[in-house]
Participant: 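The following block contains the structure, expressed as structure tokens.
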Amino acid sequence: MKSEPDDCSIDDLAAAPGQCVPWVGVRNYQARNFMRDAMRIGDGVLFYHSSCAQPGIAGLAEVASAPHPDPTQFDPASRWHDPKATPAAPRWMLVDVRLRARTRLLPLTEMRQRPELASLQILQRGNRLSITPVTPAQWQAVCALLGQPAR
DNA sequence: GCCAACGTTGGC
DNA sequence: GCCAACGTTGGC
């Protein structure tokens, strides 16, 4: 899951109540569908810093809630406000994400050098999705590079 | 700031 | 439903 550190960095996640944040602001249907349909509580999350000086994986996290409506879609003052969404017919669903571990930064440049990570969807040409699935083998490879248990 | 790549919009 | 125009993403 990509996050711009100016919005929510791994340190912001660590400082959040319960080290847990609602993943607000996703406004892409494919990314929404991953949160709404594919994620389960306890699923592992690679926390990726994007649109910053050093893009890369900054820590491990996990899905901490069932899907629920993104509250920012109803808030006219929010940058993520969606005038077409109503509480009766929400358009954007999200999950909460809880920190497991801050890690060293695994830079995008290093990720590209690792053959075992070559299949990661985030590394594919033209990928722009802010949420992409990770296979168990990819997860284990990243954890090994970060010196983290793969549990 | 550039630009490749992709998503969304809206006229037809 | 097609598709051109436009907007967004995100690394560099």
Side-chain angles (χ1 to χ4, degrees), chain A residues 1-16 20-39 43-65 67-135 137-148:
Chain A
M1 298 178 84
K2 297 181 188 173
S3 184
E4 300 186 14
D6 286 348
D7 279 340
C8 180
S9 68
I10 195 76
D11 290 338
D12 294 330
L13 179 59
C20 188
V21 298
W23 205 258
V24 298
V26 169
R27 294 296 180 266
N28 171 283
Y29 289 105
Q30 258 185 287
R32 178 204 66 182
N33 292 349
F34 282 129
M35 290 196 286
R36 188 189 63 184
D37 306 330
M39 292 186 179
D43 283 351
V45 170
L46 300 175
F47 192 102
Y48 181 90
H49 281 175
S50 73
S51 289
C52 58
Q54 286 194 294
I57 294 170
L60 304 181
E62 66 185 26
V63 176
S65 79
H68 57 98
D70 180 340
T72 66
Q73 69 191 304
F74 310 126
D75 178 2
S78 170
R79 55 191 281 212
W80 295 299
H81 178 237
D82 183 345
K84 294 177 184 168
T86 66
R91 178 177 295 196
W92 304 108
M93 306 293 281
L94 54 67
V95 297
D96 297 346
V97 172
R98 183 186 301 123
L99 183 68
R100 276 191 192 170
R102 274 187 280 192
T103 64
R104 77 171 174 97
L105 185 82
L106 176 57
L108 178 59
T109 51
E110 181 178 344
M111 294 169 68
R112 291 200 184 283
Q113 288 169 2
R114 294 288 180 175
E116 67 270 35
L117 300 185
S119 63
L120 270 177
Q121 197 166 316
I122 200 177
L123 301 183
Q124 305 312 305
R125 176 184 180 84
N127 170 73
R128 292 189 317 167
L129 267 188
S130 64
I131 298 176
T132 47
V134 175
T135 68
Q138 291 165 345
W139 175 267
Q140 291 187 350
V142 171
C143 287
L145 287 171
L146 292 173
Q148 294 288 323

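Both backbone and side-chain heavy atoms feed into the values below; hydrogens, waters and symmetry mates do not. Order of the sequence lines fixes the chain letters, A, B, ..., with proteins taken first and strands second; residue numbering starts at 1 for each chain.
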Participant: Which residues pass the salt bridge (Lys or Arg N to Asp or Glu O under 4.0 Å) test with A:D82, sequence neighbours left out?
Facilitator: A:R91
Participant: Give every residue pair that meets the ring-ring contact (aromatic ring centres under 6.0 Å, His included) criterion with at least one member in residues 83-111 of chain A, sequence neighbours excluded.
Facilitator: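 For residues 83-111 of chain A: A:Y29-A:W92.
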Participant: Could I get the full list of salt bridge (Lys or Arg N to Asp or Glu O under 4.0 Å) partners for A:R100, not counting sequence neighbours?
Facilitator: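 Once residues adjacent in sequence are excluded, the partners of A:R100 under the salt bridge (Lys or Arg N to Asp or Glu O under 4.0 Å) criterion are A:E62.
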Participant: Can you name the salt bridge (Lys or Arg N to Asp or Glu O under 4.0 Å) partners of A:R128, sequence neighbours left out?
Facilitator: none
Participant: Looking at A:L145, is its backbone amide N or carbonyl O close enough to the side chain of A:R104 to form a donor-acceptor pair, meaning the two atoms are under 3.5 Å apart?
Facilitator: yes
Participant: All N/O contacts under 3.5 Å from nucleotides 8-11 of chain B to the protein, with atom names and distances to one decimal?
Facilitator:
none

Participant: Give every pair of a protein N or O atom and an N or O atom of nucleotides 2-7 of chain C that lie under 3.5 Å apart, one pair per line with the distance.
Facilitator:
unit_1: C:dG7; atom_1: N2; unit_2: A:R128; atom_2: NH1; d: 3.3

Participant: Test side chain to side chain contact (heavy atoms under 4.5 Å, CB included) on A:S130 and A:Y48 and set out the steps.
Facilitator: CA-CA 9 Å; A:S130 64; A:Y48 181 90; over 6 Å; no
Participant: Can you confirm whether the side chains of A:T72 and A:D75 place a donor and an acceptor under 3.5 Å from each other?
Facilitator: no
